[in-house]
Chemist: 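Here it is, the structure, as structure tokens.
Each chain gets a letter, A, B and so on, in the order its sequence line appears, and its residues count up from 1.
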Amino acid sequence: MAVKFEKTGDGTYMLDVCGYVCPHPQIYTKKSLEKMKEGEVLEVIFDNPSSKETIMQMCEQMGHEILEEKTEGGKMMLKIEKG
Amino acid sequence: MDEERRNTMWAFIITGALILISLLYYSVNIYYIYLIVYIWFGFAYGMMLQYGRFCFASASRDLFAAGVPRMAVGIMIALIFFSLVQAFLASVNMSTFHPAPFGIHMLIAGTIFGIGMVLAGGCASGSLYKIGEGNGTSILAVIFGLSLGQAIFVDLGGVFDKLVPQSWAESARAKAWIPSYITQSGWFDQYLVGYVWNKPQYTIAKLISGGHPKAIHYFIGNSFINAILPAVIILVLVYIKWARKGFIKKRRKQKGTIGLGDELAGIWAMITASKRTSLMGVLIGITAGIHILAIKAMQVKFGVNNFGQLLTRMGHGLDFSARAKLYDPSFTATLSNIKKIVGDVTVGNTVFDPGYWYITSQEAQFGAWILEKLGWNMHDNMFFGYVNGVPELWRNPALWMSLGIIFGSMVMARLQNEFRFKWPKGELYVWGILGGLLMGFGSRPSLGCNIGAFFIRASGGDPNGWVYGTGMVLGAFIGVKFFNWWTERKMAKEMEEF
């Protein structure tokens, strides 16, 4: 099973970690954000509900902004701007 | 039908089915109310665990992996509230809590369990509630690791017997109240009977009262010294290490100078950062206490101290007239011969009936039940033959509690539109099974997991809880180090665009 990571535009990225359980979604999100530049946007798609709380608190503490959150068909999406 | 309506319908179907099952049990025999209580406390735990994303694995793992204190905070809050309820119940003699033998085995077992819970992606209770969310990796961890793996682990003999010190074997054989077919072989039998049972058991209340605790000793010793004080110290340390920097930076920008009031506000901000986890911490702590009260009340009402006695009254337990045969050296200890005499219970007329929230022993029973249907004799060992029994699944109260957790979580996940079946792929097969096995191996020597060995004991005044908890944190640290290395390696391959 592969983690999907795509550059979707200028300064925008998509990370799909569906199928992964804790702690993988939060580790991949953290490491992806570490590699990005300030102001760039990462869209994380995952289906492990408990990762959502952890990722949101991680962003709050690290100064990243959650631009959008969505849950549909058991899949969750968070759009994060690196702060 | 849209997703929300379909999920609501499923939530009603699951809840309705459990109500029907409960009524069915009740109509068969009033003694089954005991089992029904376990079902519904399990259901409540499942709902709260799912809503609060309450997983003991994430407490230390998310601190080390992502610097997030959410779950560590939630657990400390639950521990504080549970300890207060436990102290009250102990002071009115309505507690089912009992401390465990104290020793270094708790630290070793906790470390193994800690590694396992990080690999599997959830602790013992977390894996159950994640099954309710449709998580296939957790299904593998529970069935192959925590159930089958754990059952085999406690029944191993042969070459493993040679690892056991002679003193343990001699001490085990000296205990004549146990039939010799149980203690003559099996490494775990000799470890349990010849080593663990010789260890002392403590609660702080007993230590500070000289062995005769009163209400004040339960509150000061068990609750304050053993639970509240360490929990507050941990909260402060977590704040200093992981949450303070960001909060104080913001405050300094707003106010310029920082005082004690700001530090306290920072701790409060950390506690309330994830309201659903902290709120569920309070509710889980109180519910776990009420659970103890409910079980004790039933024991008082029926005049028993274990569900095994009720099973025997209902005709599924021990044949007392034939019991002496088990102690006859010429007794042939085949599975069918033993089961003819003990039925669903043990030689001592008991089954696993913890009297409070517990997870892993009933999973081992589930594994043993499957293995016995395949012809494996699990009744000739200490864990199943003398301590816990292997009741039929539908008459196993603690196992119903675990099913309650799964269904409670499923209902909550459906109501929040978060249920999605996720069959594991690739590496998750390995992490799920390996993590489950390590959790199973790490919960047996300590006679409990993150719930039975840590949460219940730390809040019940038994310092063992903290020894096991320290091991869990150490194990989680090792597990996170491994996953960090693994993730870096995968990212280097799969995210070349970076």
Chemist: Considering only heavy atoms from C-beta outward, does the side chain of Arg70(B) approach that of Thr54(A) to under 4.5 Å?
Modeler: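 The answer is yes, as the side chains (C-beta and beyond) meet within the 4.5 Å cut-off.
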Chemist: Is it the case that atom CD in Glu38(A) sees more than 12 heavy atoms from other parts of the structure closer than 6.0 Å?
Modeler: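 Open: at most 12 neighbouring heavy atoms sit under 6.0 Å from CD of Glu38(A).
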Chemist: Select, from Gly136(B), Gly122(B), Ala65(B), Gly246(B), the one with the greatest count of heavy-atom pairs under 4.5 Å involving chain A.
Modeler: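 The answer is Ala65(B).
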Chemist: Side chains of Tyr20(A) and Lys422(B): closer than 4.5 Å at any heavy-atom pair?
Modeler: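 The answer is no, as the side chains (C-beta and beyond) never meet within the 4.5 Å cut-off.
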Chemist: A quick test of your reading: do over 12 heavy atoms of other residues, nucleotides or ligands sit less than 6.0 Å from CD of Glu68(A)?
Modeler: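 Yes - once you tally the heavy atoms of other residues, nucleotides and ligands closer than 6.0 Å, there are more than 12.
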Chemist: Where does Trp423(B) contact chain A at under 4.5 Å (heavy atoms): side chain, backbone, both or neither?
Modeler: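 Neither; nothing under 4.5 Å.
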Chemist: Thinking salt bridges, do Lys30(A) and Glu488(B) make one under a 4.0 Å N-O criterion?
Modeler: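 Answer for the salt bridge query: no.
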Chemist: Under 3.5 Å, side chain of Gln61(A) to main-chain N/O of Ala243(B), donor-acceptor pair present?
Modeler: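 Checked: no pair found.
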Chemist: For Lys245(B), which atoms come within 4.5 Å of any heavy atom of chain A: side chain, backbone, both, or neither?
Modeler: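 Neither the backbone nor the side chain of Lys245(B) comes within 4.5 Å of chain A.
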Chemist: Output the option from Pro49(A), Ser50(A), Gly74(A) having the highest count of non-hydrogen pairs under 4.5 Å with chain B.
Modeler: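 Between Pro49(A), Ser50(A), Gly74(A), the count favours Pro49(A).
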Chemist: How about Tyr429(B): does its OH atom have over 12 heavy atoms from other parts shown lying under 6.0 Å from it?
Modeler: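 Yes, OH of Tyr429(B) has more than 12 neighbouring heavy atoms, counting only those of other groups under 6.0 Å.
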Chemist: Answer with side chain, backbone, both or neither: which region of Lys130(B) has an atom nearer than 4.5 Å to a non-hydrogen atom of chain A?
Modeler: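 Lys130(B) touches chain A through side-chain heavy atoms alone.
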Chemist: So which of Val118(B), Thr137(B), Asn484(B) has the biggest tally of heavy-atom pairs under 4.5 Å with chain A?
Modeler: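 The answer is Asn484(B).
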Chemist: Between Met62(A) and chain B, with a heavy-atom cut-off of 4.5 Å, which part of the residue counts as in contact: side chain, backbone, both or neither?
Modeler: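 Answer is side chain: those atoms of Met62(A) sit under 4.5 Å from chain B.
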Chemist: Look at Asp47(A), Thr29(A), Ile27(A), Thr71(A) and state which one has the largest set of heavy-atom pairs under 4.5 Å with chain B.
Modeler: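 Top count of heavy-atom pairs under 4.5 Å with chain B: Asp47(A).
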Chemist: Could you state the interatomic distance from CD (Glu53(A)) to OG1 (Thr277(B)), rounded to the nearest 0.5 Å?
Modeler: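 Glu53(A) atom CD to Thr277(B) atom OG1 measures 5.0 Å (nearest 0.5 Å).
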Chemist: If you tally heavy-atom pairs under 4.5 Å against chain A, which of Ala57(B), Ser58(B), Pro69(B) wins?
Modeler: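 It is Pro69(B).
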Chemist: Does Trp268(B) have more than 12 heavy atoms from other residues, nucleotides or ligands lying within 6.0 Å of its CH2?
Modeler: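 No, because the 6.0 Å sphere around CH2 of Trp268(B) holds 12 heavy atoms or fewer from other groups.
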Chemist: Give the intermediate values and the outcome of salt bridge (charged side-chain N to carboxylate O under 4.0 Å, His left out) for residues Lys75(A) and Glu3(B).
Modeler: CA-CA 12 Å; Lys75(A) 278 191 182 185; Glu3(B) 186 195 356; over 6 Å; no
Chemist: Heavy atoms only, distances under 4.5 angstrom: which of Glu60(A), His24(A), Glu72(A) has the most pairs with chain B? Name it, please.
Modeler: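 Among the listed options, the one with the most contacts to chain B is His24(A).
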Chemist: Counting only heavy atoms not in Phe477(B), do more than 12 sit closer than 6.0 Å to its CZ atom?
Modeler: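 Check fails, neighbour count at 12 or below.
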Chemist: Roughly how far, to the nearest 0.5 Å, is the CH2 atom of Trp242(B) from the CD atom of Gln57(A)?
Modeler: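 Rounded to the nearest 0.5 Å, the CD-CH2 separation comes out at 13.0 Å.
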Chemist: Hey, can you pull the donor-acceptor pairs under 3.5 Å for the side chains in residues 406-419 of chain B, sequence neighbours left out?
Modeler:
| residue | atom | partner | partner atom | Å |
| --- | --- | --- | --- | --- |
| Ser409(B) | OG | Tyr129(B) | O | 2.5 |
| Arg414(B) | NH1 | Asn7(B) | OD1 | 2.9 |
| Gln416(B) | OE1 | Arg276(B) | NH1 | 3.4 |
| Gln416(B) | OE1 | Arg276(B) | NH2 | 3.3 |
| Gln416(B) | NE2 | Gln50(B) | OE1 | 2.8 |
| Asn417(B) | OD1 | Asn7(B) | ND2 | 2.9 |
| Glu418(B) | OE1 | Gln50(B) | NE2 | 3.0 |
| Glu418(B) | OE1 | Arg53(B) | NH1 | 3.0 |
| Glu418(B) | OE1 | Arg53(B) | NH2 | 3.3 |
| Glu418(B) | OE2 | Arg53(B) | NH2 | 2.6 |

Chemist: Just wondering, do Ser274(B) and Met56(A) contact through their side chains at under 4.5 Å, heavy atoms?
Modeler: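 Met56(A) vs Ser274(B): side chains apart.
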Chemist: Which of the residues Ala120(B), Gly121(B), Ser138(B) is involved in the greatest number of heavy-atom pairs with chain A at under 4.5 angstrom?
Modeler: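 It is Gly121(B).
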Chemist: Would you say Arg61(B) and Gln26(A) make side-chain contact, with heavy atoms under 4.5 Å?
Modeler: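 SC-SC contact between Arg61(B) and Gln26(A) confirmed.
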